[in-house]
2 protein chains.
Amino acid sequence: MDKLRQHIEDITALSDEEYAYIKTFFTAKKVRKGQYLLSEGDDARYEYLVLSGIYKVFYIDEQGREFILQFAKENWWMSDYEAFFREKKATVFIECIDAGEVLVNTLQTREKLATEFHKMEHFYRAKLTNGYIALQQRIKLLLSSTPQERYETFSKMYPDLGQRLPKKIIAEYLGVSRETLSRLYSR
Amino acid sequence: MDKLRQHIEDITALSDEEYAYIKTFFTAKKVRKGQYLLSEGDDARYEYLVLSGIYKVFYIDEQGREFILQFAKENWWMSDYEAFFREKKATVFIECIDAGEVLVNTLQTREKLATEFHKMEHFYRAKLTNGYIALQQRIKLLLSSTPQERYETFSKMYPDLGQRLPKKIIAEYLGVSRETLSRLYSR
DNA sequence: CAACTGCTGTGATCCGGATCACTATTTTTT
DNA sequence: AAAAAATAGTGATCCGGATCACAGCAGTTG
């Protein structure tokens, strides 16, 4: 069973020929724990589909504080999408938290696939729709909720990540200090 | 000159026949100041393309505080996209701040257009891409910046809205109290 | 034009969470 | 197995911004 095919067919059916062709544009890459797939200042030439492992997409502000934009696990896409689509330099880092494997694609082949196959255009639109909704929900959470509520929502959305990730890292995702998060547990 | 056509053709060219057909799915609607296009609890059956006027998309939390998710002016789309795409009840309000006109569309015809025309699928994907990037930027701003920086970024991004909107409303967008924003001006 | 309603500025107080500092524990490295 | 590094808990302090309260000013609206 092929994860990429399964992933695309969750949205739209493919013939064997179509899939065989599409597949040629993706290359697999093994990633070690601690490895960076992207660093600030790089050209964001690639986007990644996670096959296994855990990754974080984060940035560092002027004061050196770290903020996590996104976690990624199996079947999630990741890149610095602003830089990727607009062909600018990356402003974020992508680091592997837990070793695994990813599929790599470029903007050129992404657009080529979308142009050649209405199906793939549709697939990418569906993925973007989900992403858009997820970001909107996160904005709501950041605007109006307490650290408590943020943590609860996070735990509900990603029960597995809540277990597997150090709390320090969860705090960076929630936009809360490590200490505050720790005190949330004790209470 | 037709605004809808211009708006779509910014992304992808259309023949006269194509446009004539597409056009039939949109209906124009005049909106008065203070009028609501959507309220919490409604079915989010429509999405709107703004032809003129200014609108705000906002929600109200349990404590009755108001938070603005999005402003919209000419050529911007708006809806409760989570509810619209997933066919759930709306959790947000859309209110007209400055009278104008909008084009109305439904999920069914949106999907119909995307299915019938690869071009339109592409158009919607392009719009979602922009939207995704904008939301990502906003998340960064909410995670790591001070009220000061938020205000400056907002003013740079929407110099016109900064002028036309009451400061109270800008504060609700920035996630900052009215008083804090006011003090930012005096300093 | 008088009365009401919404907007803005400014002071005073309060509080949640950041920051700092240190210790204990676990994990990784060598 | 020892040393080093990352992680986690917890207390003490501090501070930015929220909240509360009020006053001056448009700007509608009857």
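None of these values were measured; they are calculated from a predicted model. In the text below, chain A, chain B and the rest are named by the order of the sequence lines, each starting its count at 1.
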Query raised in the report: Salt bridge check: are Glu121(A) and Arg110(A) linked by an N-O gap of less than 4.0 Å?
Result: no
Would you mind writing out the side-chain donor-acceptor pairs for residues 137-144 of chain A within the sub-3.5 Å range, not counting sequence neighbours?
| residue | atom | partner | partner atom | Å |
| --- | --- | --- | --- | --- |
| Gln137(A) | NE2 | Glu82(B) | OE1 | 3.4 |
| Gln137(A) | NE2 | Glu82(B) | OE2 | 2.7 |
| Arg138(A) | NH1 | Leu69(A) | O | 2.5 |
| Arg138(A) | NH2 | Ile68(A) | O | 3.0 |
| Arg138(A) | NH2 | Tyr173(A) | O | 2.7 |
| Lys140(A) | NZ | Thr91(B) | OG1 | 2.7 |
| Ser144(A) | OG | Lys140(A) | O | 3.0 |
| Ser144(A) | OG | Tyr59(B) | OH | 2.9 |

Query raised in the report: Does Thr180(A) have a side-chain nitrogen or oxygen under 4.0 Å from the phosphate oxygens OP1 or OP2 of dA18(C)?
Result: yes
**Report entry** Nearest-neighbour nucleotide for the Lys167(B) side chain, dG9(D), dG9(C), dT7(D) considered
**Finding:** dG9(C)
**Report entry** Arg45(B) CZ: over 12 foreign heavy atoms closer than 6.0 Å
**Finding:** no
Query raised in the report: Counting only side-chain N and O atoms of Ser186(B), is one of them less than 4.0 Å from OP1 or OP2 of dT10(C)?
Result: yes
**Report entry** Nucleotide nearest Val176(A) (side chain, heavy atoms from C-beta), chosen from dA18(D), dG9(D), dA18(C)
**Finding:** dA18(C)
Report task. For the pair Tyr132(B) and Tyr81(A), name the ring-plane relationship: parallel under 30°, tilted 30 to 60°, perpendicular over 60°. Result -> perpendicular
Query raised in the report: Rounded to the nearest Å, what distance is computed from the CZ atom of residue Arg65(B) to the P atom of nucleotide dA18(D)?
Result: 10 Å
Requested in this report: Compute the centroid of each ring, for Phe84(A) and then for Tyr46(A), and state whether the two points are separated by less than 6.0 Å.
Outcome: no
Query raised in the report: Does Pro147(B) or Lys168(A) map to a spot on DNA chain D nearer the 5' end, using the closest nucleotide for each?
Result: Lys168(A)
Report summary line: Leu165(B) atom CG is separated from dG6(C) atom P, nearest whole Å, by 18 Å
Query raised in the report: Atom CD of Gln148(A) and atom P of dG17(C): how far apart are they, to the nearest Å?
Result: 9 Å
Query - Identified ring-ring contact (aromatic ring centres under 6.0 Å, His included) partner of Trp76(B) from the options Tyr55(B), Tyr158(B), Phe71(B) - result: Tyr158(B)
Report summary line: Taken to the nearest whole Å, CG/Leu181(A) to P/dG16(C) is 18 Å
Query - Donor/acceptor link under 3.5 angstrom from Arg183(B) side chain onto base of dG11(C) - result: yes
Query raised in the report: So Arg5(B) and Asp16(B), salt bridge (Lys or Arg N to Asp or Glu O under 4.0 Å) or not? Walk me through it.
Result: CA-CA 10 Å; Arg5(B) 181 163 191 173; Asp16(B) 289 349; 2.9 Å; yes
Requested in this report: Check the distance between dA18(C)'s P and Arg150(A)'s CZ and give it to me in whole angstrom.
Outcome: 8 Å
Query raised in the report: For the side chain of Thr146(B), counting heavy atoms from C-beta on, which of dT10(D), dG17(D), dT7(D) is nearest?
Result: dG17(D)
Report task. Indicate yes or no: does Lys88(A) engage Asp80(A) in a salt bridge with an N to O separation below 4.0 Å. Result -> no
Requested in this report: Tell me whether the guanidinium CZ or amine NZ of Lys119(B) lies under 6.0 angstrom from the six-membered ring centre of Phe117(B) and within 45° of its axis.
Outcome: no
Report summary line: Here the distance between atom C1' of dG16(C) and atom CG of Leu174(A), to the nearest Å, is 16 Å
Pairs under 3.5 Å (N/O, protein and nucleotides 21-27 of chain D):
none

Query raised in the report: Of the nucleotides dG9(C), dT19(C), dC7(C), which one has an atom closest to the side chain of Ser177(A)?
Result: dT19(C)
Query raised in the report: Could you give the CD-to-C1' distance, from Gln63(B) to dG16(C), as a whole number of Å?
Result: 13 Å
**Report entry** Asp10(A) with Lys127(A): basic N within carboxylate O range, under 4.0 Å
**Finding:** no
Query - Angle by which the axis turns from one end of the helix from dC1(C)-dG30(D) to dT30(C)-dA1(D) to the other, five pairs per end, to 10 degrees - result: 50°
Report task. Measure the distance from CD1 on Ile170(A) to P on dT7(D) and round it to the nearest whole Å. Result -> 12 Å
